[in-house]
A.B. asks: 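Mind looking over this structure? Questions follow.
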Amino acid sequence: MDMLEAMRSRHTVRAYTDKSIPNDIVSLLTMRIAHNNQKYDTAITLRTEDTTAFGLIFKLTRAKGVRNFLIMSADLHEGEDPRELDERLGCAGADLMLYAQTLGLNTWWAGGTYSRATVAKMAKGNRTIAVIAIGYGAEQGEPHQSKSVSEVCKYDGEAPAWFTDGVKAVLLAPTAFNRQDFFIEGHGRTVSIRLTNETSYSGADLGLVKYHFSLGAGADNFDWA
């Protein structure tokens with residue numbers, strides 16, 4: 001499975017089996033994390049065989065069997081825009097979720113339901129925006145409800161195939177509450193994405209959708225505005 005195939009097959013999975021992630025898979029994930037930390041200036045870490053990411057209520061309801069997770073963290077430097085940092089974490093997280101899918105794992109980006117105080121103590125960076133549950137799902141998940149291509153984009157003239165492919169890829173990206181609050185515009189090779197509803201998750205959402213657009217459209221086919 002390549003990354004494009006992973007993008008089409010990955011769905012949110014909140015319930016996991018007790019199967020451990022083999023050491024060779026952990027090593028591959030660790031190398032990918034290190035690469036992304038360098039590329040995006042982040043401090044993402046992987047915790048395995050650790051059940052502390054979620055409180056008891058969520059363990060019994062929405063986060064069953066979660067025992068491995070990524071801490072989506074980075075250092076926010078003085079004067080830095082938090083949203084720009086969150087966008088980098090969103091890009092890195094999108095890559096790691098799809099890479100995990102190529103390894104036969106399932107994932108769930110959890111931006112608001114994890115145990116913030118507990119996770120913050122384990123984080124390597126001073127700003128943590130989410131955890132990504134990772135492991136072998138009890139099921140493979142279902143496609144989330146999605147808007148249509150025409151609802152979320154506009155191209156000046158006849159849209160080339162790469163633009164439409166990029167928009168379709170964005171509609172597969174996880175976003176806060178699956179609201180897909182974004183709009184994509186294209187003119188020639190230039191593409192812009194704006195959010196239509198600002199929330200505390202907007203920076204991460206922007207990173208997630210930008211990564212998906214680049215993967216679907218092909219990064220060599222366009223330039224960001």
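Note that the numbering runs from 1 along the sequence shown for the chain.
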A.B. asks: Among all residues two or more places apart in sequence or in another chain, which pass the side chain to side chain contact (heavy atoms under 4.5 Å, CB included) test with Ser148?
C.D. replies: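 Checked Ser148 against side chain to side chain contact (heavy atoms under 4.5 Å, CB included); matches are Ser150, Glu151.
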
A.B. asks: With a 4.5 Å limit on heavy-atom distance, are the side chains of Ile193 and Leu206 in contact?
C.D. replies: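 Counting from C-beta outward, Ile193 and Leu206 do come under 4.5 Å.
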
A.B. asks: Could you tabulate the donor-acceptor pairs under 3.5 Å formed by side-chain atoms of residues 129-138, not counting sequence neighbours?
C.D. replies:
none

A.B. asks: Any side-chain heavy atom of His11 within less than 4.5 Å of one from His144?
C.D. replies: no

A.B. asks: Judged by atom type as modelled, is there a donor-acceptor pair below 3.5 Å linking the side chain of Thr102 to the main-chain atoms of Met3?
C.D. replies: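 No: the side chain of Thr102 does not pair with the backbone of Met3.
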
A.B. asks: Could you tell me which non-hydrogen atom of Ser115 sits nearest to which non-hydrogen atom of Gly55, and how far apart they are?
C.D. replies: OG-N, 3.0 Å

A.B. asks: Decide if atom CD of Glu49 counts as having more than 12 heavy atoms of other residues, nucleotides or ligands within a radius under 6.0 Å.
C.D. replies: yes

A.B. asks: What residues, two or more places apart in sequence or in another chain, satisfy salt bridge (Lys or Arg N to Asp or Glu O under 4.0 Å) together with Asp75?
C.D. replies: none

A.B. asks: May I ask you to test the Ser73-Arg127 pair for a side-chain heavy-atom distance under 4.5 Å?
C.D. replies: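 With C-beta onward as the side chain, the pair stays apart.
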
A.B. asks: Is there a side-chain contact between Asp18 and Arg67 in this structure, where contact means two heavy atoms from C-beta onward sitting under 4.5 Å apart?
C.D. replies: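 Side chain of Asp18 against side chain of Arg67, heavy atoms only: contact under 4.5 Å found.
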
A.B. asks: Which pairs count as salt bridge (charged side-chain N to carboxylate O under 4.0 Å, His left out) when at least one residue sits in residues 206-225, sequence neighbours excluded?
C.D. replies: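 Qualifying pairs: Glu87-Lys210, Arg189-Asp223.
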
A.B. asks: Roughly how far apart are Asn68 CG and Ser20 OG, rounded to 0.5 Å?
C.D. replies: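 Reported to 0.5 Å precision, the distance equals 7.5 Å.
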
A.B. asks: For Thr113 and Ala110, indicate whether the former's side chain and the latter's backbone hold a donor-acceptor pair under 3.5 Å.
C.D. replies: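 No, Thr113 side chain to Ala110 backbone: no donor-acceptor pair under 3.5 Å.
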
A.B. asks: Within this structure, what is the CG-NE2 distance for the pair Leu4 and His212, rounded to the nearest 0.5 Å?
C.D. replies: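 Answer rounded to 0.5 Å: 10.5 Å.
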
A.B. asks: Name all pairs fulfilling the side chain to side chain donor-acceptor pair (under 3.5 Å) condition that reach into residues 21-35, sequence neighbours left out, sorted by first residue then second.
C.D. replies: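 Listed by first then second residue: Arg32-Asp95.
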
A.B. asks: I'd like to know if Val13 and Leu98 are part of one continuous hydrophobic network [Ile/Leu/Val/Met/Phe/Trp/Tyr, side-chain heavy atoms within less than 4.5 Å].
C.D. replies: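 Each belongs to a different hydrophobic cluster.
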
A.B. asks: Using the test side chain to side chain contact (heavy atoms under 4.5 Å, CB included), find all partners of Ala120 that sit at least two apart in sequence or belong to another chain.
C.D. replies: none

A.B. asks: Pick one: which of Thr42, Ile44, Val119 meets side-chain contact (heavy atoms from CB on, under 4.5 Å) with Met72?
C.D. replies: Ile44

A.B. asks: How long is the straight-line distance from CG of Asn37 back to CZ of Arg88, given to the nearest 0.5 Å?
C.D. replies: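 Answer for the CZ-CG pair, Arg88 versus Asn37, is 10.5 Å.
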
A.B. asks: Does Thr12 have any side chain to side chain contact (heavy atoms under 4.5 Å, CB included) partners at least two apart in sequence or in another chain, and if so, which?
C.D. replies: Arg10, Arg14, Trp108

A.B. asks: Kindly state whether the ring of Phe213 and the ring of Phe222 have centres lying under 6.0 angstrom apart.
C.D. replies: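 When the ring centroids of Phe213 and Phe222 are compared, they turn out to be within the sub-6.0 Å range.
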
A.B. asks: Is it true that Leu85 and Tyr40 fall in one hydrophobic cluster, defined by side-chain heavy atoms closer than 4.5 Å?
C.D. replies: yes

A.B. asks: Who else is in Tyr201's hydrophobic cluster (ILVMFWY, side-chain heavy atoms under 4.5 Å, direct or via others)?
C.D. replies: Phe177

A.B. asks: Go through the steps for Thr175 and Asp181 under the test side-chain contact (heavy atoms from CB on, under 4.5 Å), then give the verdict.
C.D. replies: CA-CA 8 Å; Thr175 56; Asp181 290 329; over 6 Å; no

A.B. asks: Return the minimal non-hydrogen interatomic distance between Tyr211 and Cys91, and the atom names on each side.
C.D. replies: CD1-O, 3.6 Å

A.B. asks: Going hydrophobic residue to hydrophobic residue with side-chain gaps under 4.5 angstrom, can you get from Leu195 over to Trp224?
C.D. replies: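 The answer is yes; both residues are in one hydrophobic cluster.
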
A.B. asks: Treating Glu5 as the side-chain partner and Asp2 as the backbone partner, does any N or O pair qualify as donor plus acceptor under 3.5 Å?
C.D. replies: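 Judged by distance alone, yes, a pair lies under 3.5 Å.
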
A.B. asks: Quick one: do Ile33 and Phe69 end up in the same hydrophobic cluster if we chain Ile, Leu, Val, Met, Phe, Trp and Tyr together by side-chain heavy atoms under 4.5 Å apart?
C.D. replies: no

A.B. asks: Is the closest side-chain heavy-atom distance between Thr52 and Thr118 below 4.5 Å?
C.D. replies: yes

A.B. asks: Show every salt bridge (charged side-chain N to carboxylate O under 4.0 Å, His left out) that has at least one partner inside residues 198-208, sequence neighbours left out.
C.D. replies: Arg83-Glu198

A.B. asks: For the atom pair CG (Asp81) and CG (Asp86), what is the distance rounded to the nearest 0.5 Å?
C.D. replies: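 It comes to 8.5 Å.
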
A.B. asks: Using a distance-only test with no angle check, is there a side-chain donor-acceptor pair under 3.5 angstrom linking Gln101 and Thr107?
C.D. replies: no

A.B. asks: Hey, what do you get for CG (Leu70) to CG (Leu89), rounding to the nearest 0.5 Å?
C.D. replies: 11.5 Å

A.B. asks: Hydrophobic clusters here meaning ILVMFWY residues chained together by side-chain heavy-atom distances under 4.5 Å, can you tell me if Leu105 and Val66 are in one?
C.D. replies: no

A.B. asks: As a quick check of understanding, evaluate side-chain contact (heavy atoms from CB on, under 4.5 Å) for Arg8 and Leu172, giving each step before the final call.
C.D. replies: CA-CA 7 Å; Arg8 299 182 187 109; Leu172 298 175; 4.2 Å; yes

A.B. asks: Side chains of Gln140 and Asn106: do they bring a donor and an acceptor to under 3.5 Å?
C.D. replies: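 Note: Gln140 and Asn106 side chains meet the donor-acceptor criterion.
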
A.B. asks: With Arg194, which residues qualify under salt bridge (Lys or Arg N to Asp or Glu O under 4.0 Å), at least two apart?
C.D. replies: Glu185

A.B. asks: So which atom in Pro174 and which in Met97 form the shortest heavy-atom distance, rounded to 0.1 Å?
C.D. replies: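 Answer, listing the atom of Pro174 first, then Met97: CG-CE, 3.7 Å.
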
A.B. asks: Could you pull out all donor-acceptor pairs under 3.5 Å where a side-chain atom in residues 152-170 meets a protein atom, sequence neighbours excluded?
C.D. replies:
unit_1 : atom_1 : unit_2 : atom_2 : d
Tyr155 : OH     : Gly188 : N      : 3.1
Tyr155 : OH     : Gly188 : O      : 2.7
Asp156 : OD2    : His187 : ND1    : 2.6

A.B. asks: Do Leu96 and Trp109 have side chains that approach each other closer than 4.5 Å (heavy atoms only, starting at C-beta)?
C.D. replies: no

A.B. asks: Thr45: what forms a side chain to side chain contact (heavy atoms under 4.5 Å, CB included) with it, not counting sequence neighbours?
C.D. replies: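 Residues passing side chain to side chain contact (heavy atoms under 4.5 Å, CB included) with Thr45: Ile71, Lys124.
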
